[in-house]
J.: 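My questions will all concern the structure given below.
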Amino acid sequence: MVKPKVVVTRKQFTEEMERLSKVSNLVIIDTPTPPTSKELKEQIKGATALFAHINDNVSSEIMDAAGQSLKIIAEFGVGYDNVDVNAASERNIAVANTPGVLTETTASFAFTLIQSAARRIAECDRYVRNGKWKFFEPLDLLGYDLSSSTLGIIGFGRIGSYLGKIASNNNMKVIYYNRSTPTETYGAEKVDSLNQLLEKSDIVSIHCPYTAETKNLIAKKELSIMKNNATLINTARGPIVNLDDLYEALSKNRIAYAALDVTDPEPIKKDHPILKLENLTIVPHIASATVETRKKMSKMTVDNIIEGLNSSVPTYCVNTEKIHW
Ligand code: 8YV
């Protein structure tokens, strides 16, 4: 019997690829750069499943290039804003993701950025490398204690609320803005509006999904509401923050600091002026990047595909209601 074709858009963990190759005709796109839409359209022809990553814009055109055979799009990650889910549902294609396994790792990383912003780690590293460390200066490079700070969390789902728990354990006051009230809040206080959260917080950390409503959620107006000594953390999705407005706010010290794991676009343009600022820490979308977590994500993505190949709706399908299998 001919095995179904499965396309994986980046190099992945060998053990998971071996597992997948036992039940499929596996195509791994192991090129130095992610496939362009044109390349993906060519590779995906006749595929039953796609193992997708954040870089892949999985549009209706990609789905149509695959043809009638395409049944499963399995995203390596909890966020799946790079997949046109409506187009997939219209074509009876299941879209699956990897919720849960990266919660602790991503939330801990957001807390790492909070700590490194408060203690100016990236700036201090540049200070030493650039030969600026001459003497011990009691009043130089001072940060601030988190225990006297209020953390405002936008989006109090799995990752946001886990960050709330870590922050409370570190004696921070935690407030959050979320449409619904979660069952477990770890002592965090709900505020009624985004503006209230921005006004009250010393640190604002973003944990909502990227949707049409959250595009540019933090732009000029919102940055002007934040405290002058505030820090903005983004480990969610780049387009939620307007990067040019953030540059303006940081360069004019309307807010004090930002730490970004994600940008719009990704990667950030090499000549973006924000990269010249001292009051910014920026890293390349690594919040879930630990060996343990990435292995779990890879396994879950493969599990989702294998379930789909066996004609079961994947356990972590996000459009179960919209497809008819
Ligand atoms: C992934 C992420 O590494 O899960 C997410 O939503 O942003 C990251 O954990 C990324 O999606 C890679 O595909």
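Both ligands and their constituent atoms are indexed starting at 1 by order of listing. Here, residue 1 is the first one in the sequence, and each next residue gets the next number. Heavy-atom basis, side chains included; hydrogens, waters and symmetry copies ignored.
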J.: When you compare ligand 1 with Ala236, is there at least one nitrogen or oxygen pair between them that comes in under 3.5 angstrom?
T.: no
J.: Heavy-atom distance under 4.5 Å between the side chains of Tyr186 and Val174, does that happen here?
T.: no
J.: Give the residue, atom name and distance (to 0.1 Å) of the protein heavy atom nearest atom 10 (C) of ligand 1.
T.: Phe76 O, 3.8 Å
J.: If the cut-off is 4.0 Å to any non-hydrogen atom of Arg294, which atoms of ligand 1 fall inside it?
T.: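 Close to Arg294: 3 (O).
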J.: Show me which atoms of ligand 1 lie under 4.0 Å from any heavy atom of Arg237.
T.: 2 (C), 5 (C), 6 (O), 7 (O), 11 (O)
J.: For ligand 1, is there an N or O atom under 3.5 Å from any N or O atom of His53?
T.: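 Not met; the criterion fails.
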J.: Salt-bridged, Glu248 to Lys220, with N to O below 4.0 Å?
T.: no
J.: Number the atoms of ligand 1 from 1 as they appear, then name those within less than 4.0 Å of a heavy atom of Leu102, with their elements.
T.: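 Counting atoms of ligand 1 from 1, those under 4.0 Å from Leu102 are 4 (O), 9 (O).
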J.: Are any of the N/O atoms in Gly79 less than 3.5 Å from those in ligand 1?
T.: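 Min N/O separation from ligand 1 is below 3.5 Å for Gly79.
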J.: Which distance, rounded to the nearest 0.5 Å, do you find between the CD1 of Ile240 and the CD of Glu222?
T.: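 Here the interatomic distance stands at 12.5 Å.
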J.: Would you call Arg10-Asp30 a salt bridge at under 4.0 Å N-O?
T.: no
J.: Considering only the protein, which heavy-atom contact is closest to atom 4 (O) of ligand 1, and what is its distance?
T.: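 Its nearest protein heavy-atom neighbour is Val78 N, 2.7 Å.
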J.: Could you identify the single nearest non-hydrogen protein atom to atom 2 (C) of ligand 1 and state the distance to 0.1 Å?
T.: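 The protein heavy atom lying closest is His285 NE2, 3.6 Å.
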J.: Should the ring pair Tyr247 and His272 be called parallel, tilted or perpendicular, given that the plane angle runs from 0 to 90° and is split at 30 and 60?
T.: perpendicular
J.: Test your reading of the model: is there a side-chain donor-acceptor pair from Asn242 to the backbone of Asp244, 3.5 Å cut-off?
T.: yes
J.: Are Val241 and Leu232 packed together at the side-chain level, in the sense that at least one heavy-atom pair is separated by less than 4.5 angstrom?
T.: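 Yes, at least one pair of side-chain atoms sits under 4.5 Å.
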J.: Give me the residue, atom name and distance of the protein heavy atom closest to atom 8 (C) of ligand 1.
T.: Ser288 OG, 3.5 Å
